[in-house]
Amino acid sequence: MTTVAIFGVGLIGGSLALCFKGKPGITVIGHSNRPAQVEKYVQRGVVDYATTSMQEAAEQADFIFVCVPVGNLEEYLEKLSAFKLKPGCVVTDAGSTKASVAARAKSLDFGQAVFIGGHPMAGSERTGVEAASSHLYENAYYVLTPDESTPEDAMERLVELLSHTKANIVRVEPNAHDEIAGAISHLPHMIAVSLVNQVRGYNEKNGLYESLAAGGFRDITRIASGDPIIWRDILINNRTVLLKLLRDWGKETDKFVTMLENSDGEGIAQAFETAGQFRSQMPERRKGMIHSAFDCYVDIPDHPGIIGKITSELGNSLINLSNIHIIESREDVPGILRLSFRSQEYLDQAVVLLTEKGYDVHL
């Protein structure tokens, strides 16, 4: 029997638990400091057993997943190192920065247990154990960051366990991970926040900015709505990488300043062409660090009850619609109604259904 202990049974930890729970020979233990959370984990069927005792969960485990916020990871590892962990126990985390936690783990004595850093690159617009899903990691990248001292058999056992997630396992050196994650996730989040705050400043003098910044602007800046505390910890933790990236970003924006000052239309067109070519090479349906938005846009006539009719069509076909938005400003947006779904599968079904019903649907 293999026992898996999960500390932090929210979206990430809860989804891992659901991937493992019910598999032959695996028992999943959930931990929380709060009794109400422990009770919730069991009632929702996310874990087999839950406890408020960190030591009890840790010392039974063959695998330990620490799925707490980045700002709490080192604290949890320090506590785990004080327990009598099983020989061969694999301790891993799910944080989105890896260099600092790898360094801290290396400085701690886990006895005969082994630490291997991890980062499942998947997420959702929802949070908490209520949003946990056994499908969250399917086709996503799951990064593991072993070092030269990591026993290969421990790595193999962790990879075998993670096969239940149906994720694509990738080995990456911790510092390289942080550089890549910084560029494709942390930097875009900072840019989105900066852009929204810039427009917010303009809006204080003219409320039309807020009114007209619907549709496309809201879409390209949606990641600015991330949890402030979580992102505070991530950015501070990865600050050395991000300072370099921000300086590089400044150089990129300076290029546009120069092109505009010189009315360099050819240079601007080339910048868009180069970016478009690289972007078109990126896989569309692979899960990445920034979770996908499963949206489509529908042109609808201004008829009474038309929105209710569309939602009824979707509901009658058991297509799970998660959100609906009537767009007032349509610049760069190909429809007046934006429909959001919880998965690519539901989106695909909706597009086929609505197209067959005669609606003009755009992605």
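Residues take their numbers from the sequence shown, with the count starting at 1.
In summary, Lys98 and Asp93 engage in a salt bridge, as defined by a charged side-chain N under 4.0 Å from a carboxylate O. Under 4.0 Å is where a charged nitrogen must lie from a carboxylate oxygen, and between Glu130 and Arg44 no such pair does. Using a cut-off of 4.0 Å between Lys/Arg side-chain N and Asp/Glu carboxylate O, Glu273 and Arg279 are scored as not salt-bridged. A salt bridge between Glu313 and Lys357 is present, with a side-chain N of the basic residue lying under 4.0 Å from a carboxylate O of the acidic one. A salt bridge links Glu75 with Lys79: the distance from a Lys NZ or Arg NE/NH1/NH2 to an Asp or Glu carboxylate oxygen falls below 4.0 Å. Looking at Arg157 and Glu160, no side-chain N of the basic residue comes within less than 4.0 Å of a carboxylate O on the acidic one, giving no salt bridge. Under a 4.0 Å N-O distance rule, the pair Glu210/Arg200 does not qualify as a salt bridge.
At least one side-chain heavy atom of Arg247 sits less than 4.5 Å from a side-chain heavy atom of Leu243. Looking at Val159 and Leu144, their side chains come closer than 4.5 Å, going by heavy atoms from C-beta outward. Within the 4.5 Å cutoff, side-chain heavy atoms of Ile26 are placed close to those of Leu161. At a threshold of 4.5 Å between non-hydrogen side-chain atoms, the residues Ser312 and Lys309 do not count as touching. No side-chain heavy atom of Glu252 sits under 4.5 Å from any side-chain heavy atom of Asp248. Side-chain contact between Leu235 and His186: present, with at least one pair of heavy atoms (C-beta onward) separated by less than 4.5 Å. The side-chain heavy atoms of Phe115 and Val90, taken from C-beta on, include no pair separated by under 4.5 Å. Looking only at side-chain heavy atoms (C-beta outward), Phe65 and Leu162 come within less than 4.5 Å of each other.
Listed for the Asn206 side chain is no donor-acceptor partner under 3.5 Å among the backbone atoms of Tyr209.
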Item to check | Steps toward side-chain contact (heavy atoms from CB on, under 4.5 Å) verdict (Ser340, Leu321) | outcome: CA-CA 6 Å; Ser340 300; Leu321 177 66; 5.6 Å; no
Checklist entry - Is there a side-chain contact (heavy atoms from CB on, under 4.5 Å) between Glu78 and Arg104 once you walk through the steps? => result CA-CA 9 Å; Glu78 289 165 9; Arg104 186 69 185 107; 3.0 Å; yes
Item to check | Intermediate values then yes/no, side-chain hydrogen bond (donor to acceptor under 3.5 Å, both in side chains), Gln270 and Glu266 | outcome: CA-CA 6 Å; Gln270 181 62 45; Glu266 182 178 345; over 6 Å; no
